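Working notes, structure below.
In this chain, numbering begins with 1 at the start of the sequence shown. Just so you know, ligand 1 is whichever comes first in the structure, and atom 1 is the first atom listed for that ligand. It should be emphasised that the depicted structure is a prediction, and the values quoted were computed from it without experimental measurement.
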Amino acid sequence: METGAERITPFLVEGAAARPVGSDIWSMLPPSSPGQPYDRKAAVYDALIGSAWYNRFIWGADHRSYAGFARKALGSAAGRHLDAGCGSLVGTALAYVETAQSGSARPCLFVDASLGMLRRARARLGTLPPAAGLLQADLRTIPLRFEAIDTVLCMGMLHLFDEETAAGILARLRNSLVPRGALYLTSLILGRPRGDRFLDLLQRAGEIGVPRTREGALAIMRQAGFDIGEARQTGNMLFVVAARR
Ligand SMILES: C[S@@+](CC[C@H](N)C(=O)[O-])C[C@H]1O[C@@H](n2cnc3c(N)ncnc32)[C@H](O)[C@@H]1O
């Protein structure tokens, strides 16, 4: 791989190939792969998820808590950190920028399938910390290195996937974590009438999988090999800290 790849390769199995596709962004997807759904949704996504009103009114959640949760993950260990499905970092860039400014040299890898979202993430990070990399890859197939990562942050992803896909992705993330490494995960779940109705609409529009209950979301994490340490629900948003069993 070319210069700059050293930011990415420690997270991947030996010999995994990625190619540069833009300013500090690499890709594992074939050049012929079609655009990703979030490429065209990026601007709307940012407007909604960055909105205090949308998060409070629809999901009963405080949008500032997303950066707080990311800060907690970043402050919990010193080694490699993976943001799995980082999106545009609309809610969490601040946590990464502050962590880098505080002198942390944690190697961070930001993974998302959408180049449009990654470009926005890259812009939000400003000066890229020397040990950070952005990678376009599919979490269903990404060849993560075994027991190489200390923390995984996976926010707003689980509810997108059906049971089988979610289980596969969680198992992959689990195997990438060092023993007792931590997964910090958020997911939309059932639990509040207005949000539940919205989840139903999103599912019918094909935007998300079948909405889960809190127990359903925790069960799939346990089955994938995680011990649940903390599970907190605010409105329709579930915040989980779990350790690799
Ligand atoms: C709801 S957004 C969450 C983004 C970010 N974590 C956040 O909290 O704002 C979901 C993200 O998952 C990405 N995504 C969906 N399926 C994916 C997959 N199979 N592999 C990698 N990324 C995926 C989308 O491109 C999108 O950026």
Side-chain angles (χ1 to χ4, degrees), residues 11-12 18 21 25-30 33-52 54-55 58-59 61-74 81-96 108-125 134-144 151-162 164-173 176 183-189 195 198-199 202-203 205-209 211 234 236-240:
F11 289 83
L12 302 175
V21 287
I25 306 178
W26 295 70
S27 180
M28 298 194 89
L29 299 191
S33 57
Q36 299 298 313
Y38 272 82
D39 289 344
R40 58 185 157 73
K41 290 184 215 166
V44 173
Y45 183 82
D46 277 8
L48 289 177
I49 301 305
S51 150
Y54 170 80
N55 284 282
I58 302 292
W59 304 123
D62 179 347
H63 74 304
R64 293 166 299 189
S65 62
Y66 308 148
F69 194 64
R71 260 183 222 111
K72 188 166 152 168
L74 287 166
H81 171 82
L82 170 69
D83 194 325
C86 63
S88 60
L89 299 182
V90 61
T92 51
L94 194 60
Y96 286 106
C108 293
L109 183 64
F110 301 95
V111 171
D112 201 277
S114 159
L115 205 48
M117 295 293 263
L118 284 171
R119 288 196 180 115
R120 284 170 177 262
R122 173 68 194 90
R124 288 203 166 93
L125 287 170
L134 295 96
L135 179 65
Q136 183 190 30
D138 189 330
L139 287 173
R140 294 170 298 183
T141 53
I142 185 172
L144 292 171
T151 52
V152 172
L153 181 66
C154 187
M155 295 184 69
M157 298 290 293
L158 196 66
H159 54 263
L160 302 181
F161 305 115
D162 61 34
E164 195 184 334
T165 309
I169 289 175
L170 285 172
R172 191 172 288 274
L173 296 178
S176 77
L183 171 69
Y184 288 74
L185 178 144
T186 69
S187 177
L188 287 170
I189 53 167
F198 215 73
L199 283 173
L202 289 174
Q203 188 214 338
E207 294 287 328
I208 63 169
T234 307
N236 288 89
M237 193 63 78
L238 179 65
F239 296 81
V240 183

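- Separating the CG atom in L135 from the CD1 atom in I142 is a distance of 5.0 Å, to the nearest 0.5 Å.
- Within 4.0 Å of ligand 1, heavy atoms belong to protein residues Y38, Y45, G85, C86, G87, D112, A113, S114, M117, A137, D138, L139, R140, M155, G156, M157, L160, F161.
- For D138 (side chain) and L29 (main-chain N/O), no donor-acceptor pair under 3.5 Å exists by modelled atom type.
- Salt-bridge formation is not detected for the pair R120/D112: no Lys NZ or Arg NE/NH1/NH2 atom is positioned less than 4.0 Å from an Asp or Glu carboxylate oxygen.
- Side chain to side chain, Y96 and H81 meet the donor-acceptor criterion of an N or O pair below 3.5 Å.
- Shown are S33, S27, P34; of these, the side-chain contact (heavy atoms from CB on, under 4.5 Å) with P30 is made only by S33.
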Check against side-chain contact (heavy atoms from CB on, under 4.5 Å), D62 and T234: CA-CA 8 Å; D62 179 347; T234 307; 5.9 Å; no
